[in-house]
Amino acid sequence: MDKLDTLRSFLEQDPDDLFTRFAIAMEFMKRGDDAEAERWFLDILNRDERYIGVYYHLGGVYERRDSVANATAIYTRGIGLARSMGEHHTASELEAALLELS
């Protein structure tokens, strides 16, 4: 059983586990399947837009797919959310990613 199969079995046991969904998205990114990673990241945000770790990685997916407008939008949204949550380190990482787009 490979890592993705293992993660999917975890998800079967707890379909609401956002951490497992995040791990699945990251595994797809690792495998170079940005389209599938994007689908999983968006699913997480639809379930809980405050899952702050998604914004950086989803922005990276958009960057690799040459979608600067989407990357800018997701980084900006993440920065605002991180600031409102007092997540200064995350806000700072997202700001740096946004600056690199320029």
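A25 and A37 make their closest contact through O-CB, 3.5 Å (heavy atoms, listed as atom of the first residue, atom of the second, distance). Scanning all heavy atoms of the two residues, the minimum distance from A91 to R83 falls at CB-CG, 4.1 Å. Contact detail for H57 and G53: the closest heavy-atom pair is CD2-O, 3.3 Å. Here the closest non-hydrogen pair linking Y75 and A97 is CZ-CB, 3.5 Å.
E38 and Y62 are linked by a side-chain donor-acceptor pair at a separation below 3.5 angstrom, with hydrogens and angles left out of the test. For the residue pair E49 / Y55, no side-chain donor-acceptor distance below 3.5 Å is found, with atom types taken as modelled.
Between M29 and R64 there is a side-chain heavy-atom pair separated by less than 4.5 Å. The closest side-chain heavy-atom distance from V68 to E63 is not below 4.5 Å. Proximity of D5 to L7: side-chain heavy atoms (C-beta onward) are nowhere separated by under 4.5 Å.
Atom CD of E93 sits about 13.5 Å away from atom CG of L98, to the nearest 0.5 Å. Distance check, rounded to the nearest 0.5 Å: CG of L42 to CZ of R47 gives 12.5 Å. For the atom pair CD1 (I52) and CD1 (I79), the distance works out to 10.0 Å, reported to the nearest 0.5 Å. We find the CD1-OG1 distance between I74 and T76 to be 9.5 Å, quoted to the nearest 0.5 Å. With rounding to the nearest 0.5 angstrom, the CZ atom of R8 is 12.5 Å from the OG1 atom of T20.
Residues I24 and V54 do not share a hydrophobic cluster, defined by chaining ILVMFWY side chains whose heavy atoms lie under 4.5 Å apart. Criterion: ILVMFWY side-chain heavy atoms under 4.5 Å apart, direct or through other members. Under it, L45 and V61 are part of a common hydrophobic cluster. One hydrophobic cluster, built from ILVMFWY side chains closer than 4.5 Å, holds both F22 and L18. The hydrophobic clustering, which links ILVMFWY residues whose side-chain heavy atoms are closer than 4.5 Å, places F41 and L101 together. Note on M26: it does not cluster hydrophobically with F10, by side-chain heavy-atom contacts below 4.5 Å among ILVMFWY residues.
Between D2 and R31 a salt bridge is recorded (basic side-chain N to carboxylate O distance below 4.0 Å). Under a 4.0 Å N-O distance rule, the pair D43/R39 does not qualify as a salt bridge. In this structure, D34 does not pair ionically with R65, as no charged nitrogen and carboxylate oxygen lie closer than 4.0 Å.
Within 6.0 Å of OH in Y56 there are 12 or fewer heavy atoms belonging to other residues, nucleotides or ligands.
At least one donor-acceptor pair closer than 3.5 Å links the side chain of S9 to the backbone N or O of T6.
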